[in-house]
Student: 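One structure, pasted below without further comment.
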Amino acid sequence: MRRKRVSVVMATHNGEAWLKEQIDSVLAQTMSDFELLIGDDASSDRTYGIVQKYASGDRRIRLFRHDEALGVARNFAFLMERAQGRYIAFCDQDDRWHPRKLERQLKAMERTEAQDEKIPILLHSDLKLIDGQGRTIAPSYFRKRGYDFPERASLPLMLTRGGVMGNTVMINRPLRDAALPFPDGLKYHDWWLGVVAELEGRRITMEEPLVEYRIHTDNTSGKARWLAGEYRYPWKHRWLPWHDRDRIGAVEVLLSRRISEEQRRILECYLEYLRAEKGWIRHYPCLRRVGFFEGPLSFRARIALRLAVASMLGKGTV
C-alpha cells in the first residue's frame with residue numbers, strides 16, 4: 001500500500017464528549033491523502049468504542065489501545081514512531097479543524113522544503129477559541145495572549161514563553177527524527193518540538209486560525225483551564241516565570257547535542273535557573289544577557305519584580 005503524505009496523530013483519553021466533532025473535522029479535510037493514527041490512553045468511558053467504530057468504516061484510521069496510561073507526551077511519541085507519512089500533524093480530541101487545515105499547512109511546508117528538504121521544520125498556526133457549546137470566546141489566540149512571533153529563530157522565546165500550541169502543529173520527518181526519543185519525564189510534547197525546531201531547524205508561524213480550540217473545565221492543559229476561568233496557577237508559576245523543573249532533563253539532553261556556543265550559553269543559563277531552589281533574582285543578569293527578556297522596559301521590570309518577590313518569599317523548592 002502506498003504511504004500517505006501526512007500522518008495525523010491523535011491522543012485520546014476519556015474524551016467522549018467532543019471526540020466525534022474532532023474526528024469528523026479531520027476526515028472532512030479537503031486534502032485526503034493522510035492516515036489517522038489514534039492512540040487511546042486507557043480510557044474508561046466510551047472513547048475507545050467511538051474510535052473503534054470510526055476505524056471499522058475508514059481504512060485510513062489506525063487504532064492503538066494502551067491498557068496502562070502512558071500520558072500525553074509518551075502517547076504522542078508512540079504514535080510518531082509509527083507514523084508513515086513524510087509529515088506529521090498533531091491533533092487533540094476535543095477541538096475542530098478548519099476544513100483546509102492540512103491543505104494549507106502542507107503547501108506552506110512544501111514551499112519551505114523546496115529550499116532544503118533535509119532541514120527540520122515545525123509549522124504552527126493561530127487558533128480560534130470556542131467554548132463547550134462551540135460558541136466563539138475569542139477569534140485569535142495569538143492576540144488574546146499577546147503573542148508576536150519573530151521570523152528569526154529565538155531559542156529563549158521557545159524555552160520560556162513559547163506559544164506553539166500542539167493542536168496546530170505539523171512537522172516534517174527530519175524534525176521527527178531530531179525530536180525522538182523524547183527525554184525521560186517530558187510533560188509537554190509541543191514545548192519539546194518547538195525548542196528542537198528552534199535549535200536545529202526552522203519554525204513557520206501561520207497567522208490564520210486553522211483550529212477551533214475548545215476551552216472547557218476538563219482540559220488536560222492548565223493553560224486551557226486558566227483560559228476557561230476554572231484554574232489558578234500555583235504560587236510558583238505566578239511568581240517564578242518559566243521555572244518548570246520538569247524541564248531540567250530535557251535541557252540536559254539538548255546540551256549533549258552538537259550546538260553552537262551561543263546556543264550553549266543560552267541553555268546553560270536557563271538550566272542554572274531551573275536548578276535553583278531559592279535566590280532566583282541572582283539569575284536575572286545572565287538570563288537577560290543571553291536574550292530571555294527581549295522586550296520593552298516595562299516587561300523587563302515586571303519580570304525582575306516577580307523574581308525579586310519570589311526570592312524574598314520563597315524558601316527552598318516551591
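The structure displayed is predicted, hence computed values, not measured ones.
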Student: Looking at every non-hydrogen atom in both residues, tell me the closest pair between Ala304 and Ile281 and how far apart they are.
Tutor: O-CD1, 3.6 Å

Student: For the residue pair Thr47 and His13, establish whether any side-chain heavy-atom pair is separated by less than 4.5 Å.
Tutor: no

Student: Whether the side chain of Glu198 engages the backbone of Ser154 through a donor-acceptor N/O pair (distance < 3.5 Å, no angle test) should be reported.
Tutor: yes

Student: CG/Asp126 to OG1/Thr168 distance, rounded to the nearest 0.5 angstrom?
Tutor: 8.5 Å

Student: So do the side chains of Trp18 and Gln93 get within less than 4.5 Å of each other, counting heavy atoms only?
Tutor: no

Student: Under 6.0 Å from the six-membered ring centre of Phe64 and within 45° of its axis: does the NZ or CZ of Arg62 meet both?
Tutor: no

Student: Are Ile137 and Tyr213 close enough, and set up right, to give a side-chain contact (heavy atoms from CB on, under 4.5 Å), and what steps lead you there?
Tutor: CA-CA 10 Å; Ile137 298 174; Tyr213 180 28; over 6 Å; no

Student: Taking all non-hydrogen atoms of both residues into account, name the closest pair between Ala69 and Ala42 and its distance.
Tutor: N-CB, 3.8 Å

Student: Side chains of Lys4 and Ser32: closer than 4.5 Å at any heavy-atom pair?
Tutor: no

Student: May I ask you to say whether Asp40 pairs ionically with Arg65, meaning some side-chain N is under 4.0 Å from a carboxylate O?
Tutor: yes

Student: Can any side-chain N or O of Ser7 pair as donor or acceptor with the backbone N or O of Ile88 at less than 3.5 Å?
Tutor: no

Student: Can you see which heavy atom on Arg143 is nearest to which on Pro139, and at what distance?
Tutor: NH2-CG, 3.7 Å

Student: Looking at Phe182, Phe78, Phe90, which hits ring-ring contact (aromatic ring centres under 6.0 Å, His included) with His189?
Tutor: Phe90

Student: Taking CG in Asp184 as the centre, count heavy atoms belonging to other residues, nucleotides or ligands within less than 6.0 Å. Is the count above 12?
Tutor: no

Student: CD of Glu103 to CG of Asp33: how many Å apart, nearest 0.5 Å?
Tutor: 12.5 Å

Student: What closest approach, in Å, do Gly201 and Ile119 show between heavy atoms, and which atom pair accounts for it?
Tutor: CA-CG1, 3.9 Å

Student: From Trp97 CH2 over to Asn167 CG, what is the distance, rounded to the nearest 0.5 angstrom?
Tutor: 9.5 Å

Student: Taking all atoms of both residues into account, what is the closest heavy-atom pair of Leu175 and Ile121, and its distance?
Tutor: CD2-O, 3.4 Å

Student: Between Lys20 and Asp24, is the closest basic N to carboxylate O distance under 4.0 Å?
Tutor: no

Student: Check whether any side-chain heavy atom of His98 lies under 4.5 Å from a side-chain heavy atom of Arg104, and answer yes or no.
Tutor: yes

Student: With distance as the sole test, does Arg245 use its side chain to make a donor-acceptor pair with the main-chain N or O of Leu274 at under 3.5 Å?
Tutor: yes

Student: Short question: side chain of Ser25, backbone of Arg96 - any donor-acceptor pair under 3.5 Å?
Tutor: no

Student: Look at the side chain of Arg264 and the backbone N and O of Leu255, then say whether any donor-acceptor pair between them is shorter than 3.5 Å.
Tutor: yes

Student: Could you walk me through whether Arg86 and Glu117 pass the side-chain contact (heavy atoms from CB on, under 4.5 Å) check?
Tutor: CA-CA 11 Å; Arg86 166 76 184 176; Glu117 65 178 12; 4.0 Å; yes

Student: Does the side chain of Phe142 reach to within under 4.5 Å of the side chain of Thr205, using non-hydrogen atoms?
Tutor: yes

Student: Membership question, hydrophobic clusters at under 4.5 Å side-chain separation (ILVMFWY): are Tyr141 and Ile130 in the same one?
Tutor: no

Student: What distance separates Leu210 CG from Leu102 CG, expressed to the nearest 0.5 Å?
Tutor: 9.5 Å

Student: Applying side-chain contact (heavy atoms from CB on, under 4.5 Å) to Val9 and Phe76, what does each step give before you reach the verdict?
Tutor: CA-CA 7 Å; Val9 292; Phe76 273 122; 3.9 Å; yes

Student: For the residue pair Ser43 and Asn14, establish whether any side-chain heavy-atom pair is separated by less than 4.5 Å.
Tutor: yes

Student: Would you say CD of Glu110 has more than 12 non-hydrogen atoms from neighbouring residues, nucleotides or ligands within 6.0 angstrom?
Tutor: yes

Student: Would you say the side-chain atoms of Asp94 pair up with the backbone N or O of Arg214, donor to acceptor, closer than 3.5 Å?
Tutor: no

Student: Decide salt bridge (Lys or Arg N to Asp or Glu O under 4.0 Å) for Arg173 and Glu113; before the verdict, give the C-alpha distance in whole Å, the side-chain angles of both, and the deciding distance to 0.1 Å.
Tutor: CA-CA 11 Å; Arg173 188 154 288 268; Glu113 278 197 328; over 6 Å; no

Student: Hey, could you give me the CG/CG distance between Asn172 and Leu106, rounded to the nearest 0.5 Å?
Tutor: 11.0 Å

Student: Looking at Trp280 and Ala308, would you say the former's side chain and the latter's main chain have a donor-acceptor pair under 3.5 Å?
Tutor: no

Student: Should Glu208 and Arg100 count as an ion pair when the cut-off is N to O under 4.0 Å?
Tutor: no

Student: Are side-chain heavy atoms of Arg60 and Leu36 found at a separation under 4.5 Å?
Tutor: no

Student: Looking only at non-hydrogen atoms, find the nearest pair between Thr160 and Tyr270 and report the distance.
Tutor: CG2-CE1, 4.1 Å

Student: Start with the C-alpha distance between Val164 and Leu193, add both sets of side-chain angles, then the distance that settles side-chain contact (heavy atoms from CB on, under 4.5 Å), and finish with yes or no.
Tutor: CA-CA 9 Å; Val164 170; Leu193 293 171; over 6 Å; no

Student: Answer yes or no: is there an ion pair linking Glu35 with Arg82, defined by an N-O contact shorter than 4.0 Å?
Tutor: no

Student: Strictly under 6.0 Å, is that where the ring centroids of Tyr284 and Phe293 end up?
Tutor: yes

Student: Is it true that a side-chain atom of Trp192 and a backbone atom of Ala179 form a donor plus acceptor pair closer than 3.5 Å?
Tutor: yes

Student: Counting C-beta onward and ignoring hydrogens, is there a side-chain heavy-atom pair between Met31 and Lys107 closer than 4.5 Å?
Tutor: no

Student: In terms of relative ring orientation, are His243 and Tyr273 parallel, tilted or perpendicular, with 30° and 60° separating the classes?
Tutor: perpendicular

Student: Is it true that Glu261 and Arg265 have a side-chain N and a carboxylate O under 4.0 angstrom from each other?
Tutor: no

Student: From Asp246 CG over to Leu186 CG, what is the distance, rounded to the nearest 0.5 angstrom?
Tutor: 8.0 Å

